[in-house]
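Per chain, numbering begins at 1; letters A, B, ... match sequence-line order. Owing to the predicted nature of the structure, the values given are computational and were not obtained by experimental measurement.
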Number of protein chains: 4
Amino acid sequence: MKTSKRDLILDSAVKVIAEKGYQYTTTQSIAREAGISKGLIHFYFENKLDLLLSVFLLFLQKINSINQEKLSSPGDPVDRLKAVFATFQDLLFRDKKSLYWGKLINERLPQADAIKSETMKIKRQAIVNENKKLVKCIDELIKEGQSRGMITTALKPQVLRQIFGGSSQVLTWRMYLQSSREGHFEYDQDDVRSAMETLIEKFTVKGGKK
Amino acid sequence: MKTSKRDLILDSAVKVIAEKGYQYTTTQSIAREAGISKGLIHFYFENKLDLLLSVFLLFLQKINSINQEKLSSPGDPVDRLKAVFATFQDLLFRDKKSLYWGKLINERLPQADAIKSETMKIKRQAIVNENKKLVKCIDELIKEGQSRGMITTALKPQVLRQIFGGSSQVLTWRMYLQSSREGHFEYDQDDVRSAMETLIEKFTVKGGKK
Amino acid sequence: MKTSKRDLILDSAVKVIAEKGYQYTTTQSIAREAGISKGLIHFYFENKLDLLLSVFLLFLQKINSINQEKLSSPGDPVDRLKAVFATFQDLLFRDKKSLYWGKLINERLPQADAIKSETMKIKRQAIVNENKKLVKCIDELIKEGQSRGMITTALKPQVLRQIFGGSSQVLTWRMYLQSSREGHFEYDQDDVRSAMETLIEKFTVKGGKK
Amino acid sequence: MKTSKRDLILDSAVKVIAEKGYQYTTTQSIAREAGISKGLIHFYFENKLDLLLSVFLLFLQKINSINQEKLSSPGDPVDRLKAVFATFQDLLFRDKKSLYWGKLINERLPQADAIKSETMKIKRQAIVNENKKLVKCIDELIKEGQSRGMITTALKPQVLRQIFGGSSQVLTWRMYLQSSREGHFEYDQDDVRSAMETLIEKFTVKGGKK
DNA sequence: GATGAATGAGCTTTCATTCAT
DNA sequence: AATGAATGAAAGCTCATTCAT
């Protein structure tokens with residue numbers, strides 16, 4: 001089954017943006033990467049920003065969709081927290097291409113002046129919503145863990161979320177950079193997984209009730 | 001004592017680039033922020049990229065300089081590690097303006113194609129060196145702590161560095177975002193400090209010998 | 001009897017070009033107006049310019065055809081002159097849609113560079129010929145009126161033609177503008193008719209022989 | 001004394017727009033005509049539309065300024081009406097370059113979407129005001145003439161204004177076309193002047209009181 | 001030192017036109 | 001006949017950089 005051109009453009013955009021950064025990505029270069037003409041991008045996407053937002057949205061939707069499934073069955077909040085961050089790693093380490101996503105998250109959006117049309121507002125709102133969903137999901141697991149005495153209350157949930165999220169991001173980002181260089185590997189994928197598990201465990205309280 | 005024009009430009013660049021991103025920052029807007037003319041920027045800096053690199057370099061030099069001083073007297077590696085990350089926070093939370101630095105660190109560099117002249121190569125190399133110095137400083141403290149049984153050996157030094165560094169970055173970055181919005185504060189400066197201390201302590205081994 | 005697709009395209013083109021101007025009219029918008037696909041336009045017309053020229057030609061042919069019929073029976077040159085300009089008004093005021101024609105006449109042609117193929121040259125020549133026929137028709141009526149002492153000889157025939165034609169055009173153009181706005185009517189269709197008759201009469205000589 | 005670059009651009013714009021029409025004029029071609037770079041146009045003018053509006057405004061201001069002076073001293077409304085249309089001709093026939101103005105008046109503006117900034121709204125309003133001033137000036141002269149029995153009341157003032165204005169425009173436009181071709185002159189400048197005078201006289205009533 | 005007019009490469013975006021279906 | 005995905009030339013516009021003053 002052949003891939004649709006729209007998906008091809010999205011894939012190419014993820015790759016080029018990951019490599020150069022959104023700021024430095026030209027529509028030309030995305031087109032070159034996809035092996036199509038410049039014009040076709042604007043056939044499928046309203047403009048460059050729309051393309052970027054579409055990429056973001058797709059990623060967040062994937063994450064949330066997997067999380068929702070994982071969290072449908074009951075379980076220990078600490079285990080569930082580990083599972084959520086594993087989702088993140090799973091998605092990124094699935095194949096080399098997926099790693100680009102990890103870099104994308106840090107991307108800075110340009111001045112929002114370009115958001116004029118209703119379509120763009122809707123898309124932007126959708127991203128905000130998906131993001132809130134993800135944040136809320138993590139925060140609630142932490143809060144539950146804390147109230148059940150399983151996670152330390154020494155730090156605010158929001159701060160813990162930042163520590164977990166920040167570590168996850170930076171570890172992954174570094175993996176991406178390694179993958180594009182050669183011969184220089186500080187750590188590998190398994191290190192990242194165990195690092196995240198260890199990190200979360202460090203903040204769990206041993207005698208917490210089940 | 002009056003600030004030199006060069007420093008004025010650097011300060012303005014930090015602010016504007018932190019807000020808009022390098023690519024979306026115009027020399028015009030930096031000049032406007034500094035209250036000088038566009039042309040003067042090119043009198044003090046070879047080009048726009050030179051200005052960005054100068055900003056990076058300045059920041060790294062500041063960090064390393066403070067660290068060098070702090071680490072000149074002997075001490076417990078865990079305490080020294082805390083001190084190093086405190087340097088980071090001290091520098092960024094010194095005043096509102098300094099927070100821009102925290103944002104800037106995430107900034108991507110443009111394709112290296114623009115680096116042609118010898119001056120630029122030298123400056124880039126200087127940045128790489130300063131960065132290596134900082135990384136080496138942290139890695140060695142961690143290694144020392146591990147060999148003395150004070151820091152867990154469950155994770156590689158490089159991985160621990162990523163966790164500490166990533167958390168520090170993300171926590172600060174969030175603070176910057178908060179500072180530019182209004183009314184919505186998830187945590188404050190003190191939370192960040194204690195978070196970093198707690199984080200490091202979590203990876204220390206209680207019975208390690210002095 | 002169903003309208004042919006070609007005529008449908010021509011009609012839609014008249015409307016859209018009258019509203020937006022040739023350069024600002026996209027083939028897309030003509031297709032949308034006609035309820036057909038973009039590609040079909042190029043099946044019936046060589047290119048966009050061909051479509052514009054076809055519209056012009058059609059209009060001139062209509063005018064000349066009606067005039068030819070009107071002037072087939074003999075009559076007073078002044079009356080015939082009135083009749084010719086009435087043709088113009090009749091055609092434009094026939095229905096709301098026809099008013100677009102009045103707007104179109106002012107439309108400029110693009111640089112002739114685009115006219116490469118033989119077909120296009122032929123079409124352009126056809127327009128020039130139809131136009132000459134119309135001009136000649138008016139000029140000859142004026143000349144006849146002058147030589148028979150019915151029209152003032154104070155002004156050259158070409159100048160009188162400009163006065164009659166210019167007034168007719170501007171009066172109609174204004175009507176078109178009124179029709180697309182609301183509530184503001186300086187004059188109506190009947191005013192235009194009587195204005196043209198009055199104008200021509202002003203230049204007739206009372207005691208001219210029959 | 002050297003001409004300012006801004007005026008140079010305005011002059012070149014008038015010329016190129018008159019030749020090709022606004023629709024078909026590129027900023028590139030204006031720059032080429034002026035012998036400057038593309039970018040400089042956007043240094044002096046916000047965008048292409050701003051340039052066109054500036055050209056319009058300048059022309060209307062010139063006309064109104066001359067009219068105001070002419071009408072400062074009292075006089076017969078018919079004579080004053082002739083004077084006003086003479087202003088028009090004077091301005092256009094002053095030199096070859098000025099003739100371009102005559103063509104400009106018919107130009108069609110692009111979709112007004114481009115009018116976003118406050119500057120543009122102000123400029124556009126200024127044009128509307130100048131135009132209203134011109135129209136009002138003519139209408140009042142006609143009304144005064146009618147109420148004093150010097151001008152026929154058979155036609156509404158607005159209709160008479162169209163006839164006078166339309167004839168003037170078309171006669172001038174034709175002169176412009178002649179000037180760019182060679183060897184084919186249907187009438188000259190003097191014909192236009194006397195045509196306008198004759199035209200106005202035709203609508204005056206002989207026995208009107210002074 | 002300091003200015004800002006002037007340049008021109010390069011960007012995003014539009015759209016007539018083609019052509020496989 | 002009819003469609004619309006795909007192309008690519010060309011448009012308006014931005015902005016780092018230069019340089020005469």
Side-chain angles (χ1 to χ4, degrees), chain A residues 4-6 8-9 23-31 34-51 110 114, chain B residues 4-6 9 22-32 34-52 110 114, chain C residues 4-6 9 22-32 34-52 110 114, chain D residues 4-6 8-9 23-31 34-51 110 114:
Chain A
S4 81
K5 281 281 163 63
R6 193 176 184 277
L8 177 63
I9 293 172
Q23 294 185 30
Y24 309 109
T25 298
T26 63
T27 51
Q28 184 67 267
S29 64
I30 294 174
I36 53 145
S37 73
K38 251 183 321 171
L40 197 58
I41 291 177
H42 291 88
F43 182 78
Y44 287 106
F45 299 92
E46 223 168 289
N47 50 40
K48 196 183 154 190
L49 182 56
D50 181 30
L51 174 53
Chain B
S4 80
K5 283 276 165 66
R6 191 175 186 276
I9 293 172
Y22 176 75
Q23 188 74 253
Y24 304 116
T25 296
T26 63
T27 51
Q28 185 69 264
S29 66
I30 294 174
R32 204 183 303 121
I36 51 137
S37 78
K38 230 183 351 166
L40 197 58
I41 291 177
H42 287 83
F43 181 80
Y44 288 106
F45 300 93
E46 211 168 302
N47 51 41
K48 198 182 156 191
L49 181 57
D50 182 28
L51 178 53
L52 179 67
Chain C
S4 80
K5 283 276 165 67
R6 192 176 185 278
I9 294 172
Y22 175 74
Q23 187 74 255
Y24 306 117
T25 298
T26 62
T27 50
Q28 184 69 264
S29 65
I30 295 175
R32 203 182 306 122
I36 52 139
S37 78
K38 229 180 355 163
L40 197 57
I41 291 177
H42 288 83
F43 181 79
Y44 288 105
F45 300 92
E46 210 168 303
N47 50 41
K48 197 182 156 192
L49 182 56
D50 181 29
L51 178 52
L52 179 67
Chain D
S4 82
K5 281 280 162 65
R6 192 175 186 277
L8 177 62
I9 293 173
Q23 295 185 31
Y24 308 109
T25 297
T26 63
T27 52
Q28 185 68 265
S29 64
I30 294 174
I36 52 144
S37 74
K38 250 186 321 171
L40 197 58
I41 291 176
H42 291 88
F43 182 78
Y44 287 106
F45 300 92
E46 225 169 287
N47 50 42
K48 195 183 153 191
L49 183 56
D50 181 30
L51 176 53

Checklist entry - Expressed as a whole number of Å, how far does the C1' atom of E:dG1 sit from that of F:dT21? => result 13 Å

Item to check | Value rounded to 0.5 Å, distance of CD1 in D:I9 from CG in D:L51 | outcome: 7.5 Å

Item to check | From CZ (C:R32) to OG1 (C:T26), nearest 0.5 Å | outcome: 6.0 Å

Checklist entry - For C:L52 and C:T25, what are the C-alpha separation, side-chain angles and deciding distance, and is it a side-chain contact (heavy atoms from CB on, under 4.5 Å)? => result CA-CA 11 Å; C:L52 179 67; C:T25 298; over 6 Å; no

Checklist entry - Within the structure shown, what part of the strands sits under 4.0 Å from A:I41 by heavy-atom distance: base, sugar-phosphate, or nothing? => result nothing

Checklist entry - With respect to the phosphate group of F:dA6, does any side-chain polar atom (N or O) of A:Y44 fall under 4.0 Å of OP1 or OP2? => result yes

Next on the checklist: Measuring to OP1 and OP2 of E:dT17, would you say a side-chain N or O of C:K48 lies under 4.0 angstrom away?
Outcome noted: no

Checklist entry - Pairing of DNA chain E as dot-bracket, 5' to 3': ( ) intra-strand, [ ] crossing, | other strand, . unpaired, with Watson-Crick or G-U pairs under 3.5 Å? => result .||||||||||||||||||||

Item to check | First encountered from the 5' end of DNA chain E, between D:S37 and A:T25 | outcome: D:S37

Item to check | Between NZ on residue B:K5 and CD1 on residue B:I41, distance to nearest 0.5 Å | outcome: 12.0 Å

Checklist entry - In Å and rounded to the nearest 0.5 Å, what is the OH to CD1 distance from A:Y44 to A:I36? => result 8.5 Å

Please tabulate the protein-to-nucleotide N/O contacts below 3.5 Å involving nucleotides 18-21 of chain F, giving atom names and distances.
none

Checklist entry - Among E:dA16, F:dC13, F:dA2, which nucleotide sits nearest the side chain of C:T26? => result E:dA16

Next on the checklist: At 4.0 Å (heavy atoms only), tell me whether B:S29 reaches a base, stays on the sugar-phosphate, or touches nothing.
Outcome noted: nothing

Checklist outcome for this item: Ranking B:Q28 and C:F43 by the position along DNA chain F of their nearest nucleotide, the one closer to 5' is C:F43

Checklist entry - Does C:T27 make a side-chain N or O approach to OP1 or OP2 of E:dC15 shorter than 4.0 Å? => result no

